[in-house]
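Right, one structure below, let's go through it.
For clarity, every value in this text was computed on a predicted model and none was experimentally measured. Just so we're on the same page: letters track the sequence lines, and every chain starts at 1.
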Protein chains: 2
Amino acid sequence: MSKRTADAMEPPNGGLTRQRRTYTIGELARLFEVTPRTIRFYEQEGLLAPERRGQTRIYHEKDRVRLKLTLRGKRLGFSLAEIREVVEMYDAMPDGNARQLKRLLEILADKRANLERQLEDIRLMHRELDDVESRARDVLASLETESTGS
Amino acid sequence: MSKRTADAMEPPNGGLTRQRRTYTIGELARLFEVTPRTIRFYEQEGLLAPERRGQTRIYHEKDRVRLKLTLRGKRLGFSLAEIREVVEMYDAMPDGNARQLKRLLEILADKRANLERQLEDIRLMHRELDDVESRARDVLASLETESTGS
DNA sequence: GCCGAGGTTTACGTTAACGTAAAGTGCTTG
DNA sequence: CAAGCACTTTACGTTAACGTAAACCTCGGC
């Protein structure tokens with residue numbers, strides 16, 4: 001939770017205006033600062049479904065975006081199962097029946113509520129940090145005047 | 001991650017203006033919607049240190065606040081170890097030497113950066129949810145006009 | 001005096017999310 | 001063609017954060 005996750009810069013895109021770039025698992029891993037193992041694990045959990053050229057995996061933009069969203073969800077404390085729940089329904093949307101769609105809306109509302117609570121938590125936590133920090137600074141200052149002023 | 005955690009209401013406080021209330025482990029557990037096991041575990045991990053009356057634990061306001069902050073930290077994705085790190089230093093502040101204090105400030109800055117990133121994540125995630133939701137509503141609407149209009 | 005509700009310790013079980021190691025495949029490069 | 005590098009599968013290991021079960025006190029009430 002203390003890593004400086006370099007959230008998926010758009011790749012330099014050497015010349016070609018857009019698209020058609022593909023990635024190996026290693027490239028993608030470096031891009032998001034995760035291990036290949038993690039990416040394979042996410043696939044196994046149904047969060048990714050890359051193309052296969054023979055035995056090796058080939059990732060397109062679509063897959064990269066998926067991974068990006070997945071990692072973002074993770075940072076927000078969603079479990080892989082929760083993320084998959086949304087991803088799957090999103091994929092099944094075209095042929096989605098009404099029941100499924102309503103269920104999806106429910107889930108989304110739930111996630112939204114979650115985000116709201118987190119926002120409030122962040123606000124509160126921010127104040128706590130301010131408080132602890134100011135106390136720490138005070139003590140630190142008093143320590144210094146002590147050793148200086150005597 | 002989908003539980004409606006009823007964030008520690010101030011207890012009704014029957015008459016007495018403040019303080020001096022104590023809690024059993026069960027009361028505290030109900031208050032925060034966790035199990036006693038969880039609370040004992042947090043103690044074992046050095047996050048709580050309740051008074052002991054003989055064998056049984058007695059919790060004061062201080063302990064309740066600790067627990068509240070701990071749970072808030074958890075919802076924000078901090079590990080118990082990270083939370084303990086701050087809690088311990090906070091306790092040790094009076095006699096804190098300069099090195100410890102500077103270290104504490106570092107940790108706080110780190111947590112702060114974390115919160116910033118989470119805020120950004122929340123903003124982005126919010127848009128994604130909006131997007132998915134509007135698509136879902138569109139499909140749903142088209143389904144209904146379909147079955148109605150024919 | 002016993003009973004049930006709540007407290008206690010001890011210890012093994014469980015789940016999620018990967019890590020790690022072994023053993024094999026496939027290209028390309030000196 | 002051998003070496004090396006990146007990919008692959010399979011499978012067992014690990015860590016955090018509790019759950020669960022057993023076996024025990026202890027206290028107020030009937």
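- Residues that satisfy the side-chain contact (heavy atoms from CB on, under 4.5 Å) test with A:Glu43, not counting sequence neighbours, are A:Leu48, A:Pro50, A:Arg52, A:Arg57, A:Tyr59.
- Residue B:Ile58 is the one, among A:Tyr42 and B:Ile58, whose nearest nucleotide of DNA chain C lies closer to the 5' end (criterion: closest heavy atom).
- Geometric assessment of B:Arg37 against the ring of B:Phe41 yields a negative cation-pi assignment under the 6.0 Å and 45° thresholds.
- The bend of the helix from C:dG1-D:dC30 to C:dG30-D:dC1, defined by the angle between the axes of its first five and last five pairs, stands at 10° to the nearest 10°.
- In terms of the side-chain contact (heavy atoms from CB on, under 4.5 Å) criterion, residue partners of B:Arg137 (sequence neighbours excluded) are, by chain and number, A:Leu105, B:Glu133.
- Under 4.0 angstrom from either OP1 or OP2 of C:dG7 there lies no side-chain N or O belonging to B:Arg57.
- Considering only residues two or more places apart in sequence or on other chains, B:Glu120 meets the salt bridge (charged side-chain N to carboxylate O under 4.0 Å, His left out) condition with B:Arg123.
- Residues that satisfy the side-chain contact (heavy atoms from CB on, under 4.5 Å) test with B:Glu88, not counting sequence neighbours, are B:Arg84.
- Between A:Arg37 and A:Gln55, the residue whose closest nucleotide on DNA chain D is further toward the 5' end is A:Gln55.
- A:Asp138 meets the side chain to side chain donor-acceptor pair (under 3.5 Å) test with no other residue; sequence neighbours excluded.
- Using a 4.0 Å heavy-atom criterion, one finds that B:Arg52 contacts the sugar-phosphate atoms exclusively.
- A 4.0 Å heavy-atom criterion places the boundary nucleotides of DNA chain D facing chain B at D:dA17 to D:dT20, written 5' to 3'.
- Rounding to whole angstrom units, OH of residue B:Tyr23 and P of C:dG7 are separated by 15 Å.
- Listed by chain and number, the residues in a side-chain contact (heavy atoms from CB on, under 4.5 Å) with B:Arg30 are B:Glu27 (sequence neighbours excluded).
- Not counting sequence neighbours, B:Thr24 has no partner by the side chain to side chain donor-acceptor pair (under 3.5 Å) test.
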